[in-house]
Enquirer: 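Quick one: structure below, then a few questions.
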Amino acid sequence: MSRISVDEARALWLDVSDEELKERAQAVRARYHEPGHATYMVMRIINYTNVCVAQCDYCAFYVLPNQDGGYVLSREQVFDKIDELLELGGDLVGFNGGFNPKLPLDYYCDLFASVRERYGERVEFYALTVAEFVFLADRARLSYAEAAARLRDAGVHWVTGGGSEILTEEFRKRHAKWKYLVSDYFDAQRAIVESGMRTTATMVIGFDETLDERLEHLLRTRDFQDETGGLFSFLCWTYKPYGTAFGGREISGHEYQRHIALSRIFLDNVKHIRTSVLTQNEEAFRALDFGADDFDLPIEDEVTQKAGARIDLDLEGLLAIPRSLGYTVEYRRAERPGGIVAA
Ligand code: SF4
């Protein structure tokens with residue numbers, strides 16, 4: 001099956017039945033993964049600060065500098081959260097916070113070096129999202145290459161493609177005009193790949209984005225992967241509207257699953273398509289039939305929980321769902337750069 005164009009993707013979305021979409025997505029999935037088999041991780045997002053100057057209108061998490069309720073976690077609080085994750089059988093941390101102008105790049109390098117020193121290979125962590133990385137590099141007046149080298153030298157292996165939502169300049173202007181330009185986002189991610197760190201692609205749907213904007217996001221992602229080969233995976237989740245300035249409604253699980261199928265077919269150069277238990281709960285597992293092959297079981301993410309996400313800590317109960325759909329599930333350890341998998 002050859003690569004599909006944007007026009008063909010549009011036609012698939014508009015005209016093709018669920019059954020045909022599933023079949024086509026499964027065919028691409030089978031190029032990379034054994035049918036009927038899925039992998040997962042147990043992870044925790046650590047939201048180290050909620051202070052942010054970006055003011056995205058879809059965010060229910062942030063407070064402005066000097067407003068009541070702002071926090072920065074202490075080193076001990078971060079360690080306590082990691083210890084709790086280890087006790088629950090997880091081994092992946094994602095650091096994610098606001099654009100806090102009082103935290104310089106050195107704060108991050110010290111924090112990540114201390115996590116690496118304390119936990120060694122027992123824990124892997126996604127140090128930042130590309131969005132936070134752009135902000136930090138700009139504030140430090142460093143090139144993206146220089147900032148990436150600083151993080152890498154502090155022991156960072158991963159900077160994920162989080163904070164991308166919808167990667168079109170029009171979407172950024174409508175909802176997040178102080179966050180970054182799309183061109184900066186990809187320049188930064190390219191520097192991350194070139195520094196030797198790993199990265200991922202993400203997407204969030206369910207705001208007011210058009211079909212063309214979704215397709216533009218997918219095309220930019222596929223082009224970036226053609227150019228760099230640096231994307232380990234693609235994770236899509238859905239917007240939670242509660243408590244946000246933008247408001248709106250949640251999209252259905254069915255729409256999400258069709259989008260996963262479209263992404264699997266379109267992103268023929270990305271190995272892993274990940275489904276979001278954090279935002280879709282039980283519905284996320286149905287996306288395995290639509291081409292996803294991997295998922296997280298998160299135990300905390302304040303950003304999405306503030307906007308309405310519901311976290312279930314009955315991990316065995318959650319794993320019973322994909323099993324009941326006919327999948328074998330296997331724990332996946334985070335990869336280290338160079339392809340080494342932590343034991
Ligand atoms: S989404 Fe992130 S960058 Fe935007 S306001 Fe919220 S914390 Fe800040």
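Just follow the structure's listing: the first ligand is 1, and inside any ligand the first atom is 1.
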Enquirer: I need the nearest protein heavy-atom contact for atom 6 (Fe) of ligand 1: residue, atom name and distance, please.
Expert: Cys59 SG, 2.3 Å
Enquirer: Is Cys52 touching ligand 1 with its side chain, its backbone, both, or neither, if touching means heavy atoms under 4.0 Å apart?
Expert: side chain
Enquirer: Would you call the rings of His272 and His33 parallel, tilted or perpendicular if under 30° counts as parallel and over 60° as perpendicular?
Expert: tilted
Enquirer: Please tell me if the side chains of Tyr119 and Leu86 come closer than 4.5 Å, counting only heavy atoms from C-beta onward.
Expert: yes
Enquirer: Quick check: does any side chain N or O of Asp293 sit under 3.5 Å from a backbone N or O of Ile273, one acting as donor and the other as acceptor?
Expert: yes
Enquirer: Test your reading of the model: is there a side-chain donor-acceptor pair from Gln189 to the backbone of Thr200, 3.5 Å cut-off?
Expert: yes
Enquirer: By number and element, which atoms of ligand 1 are closer than 4.0 Å to a non-hydrogen atom of Gln55?
Expert: 5 (S)
Enquirer: Which residue and atom name correspond to the protein heavy atom nearest atom 2 (Fe) of ligand 1, and how close is it?
Expert: Lys179 NZ, 4.2 Å
Enquirer: Between Asp187 and Arg190, does at least one N-O distance fall below 4.0 Å, as a salt bridge requires?
Expert: yes
Enquirer: What protein heavy atom sits nearest atom 4 (Fe) of ligand 1, and how far off is it?
Expert: Cys56 SG, 2.3 Å
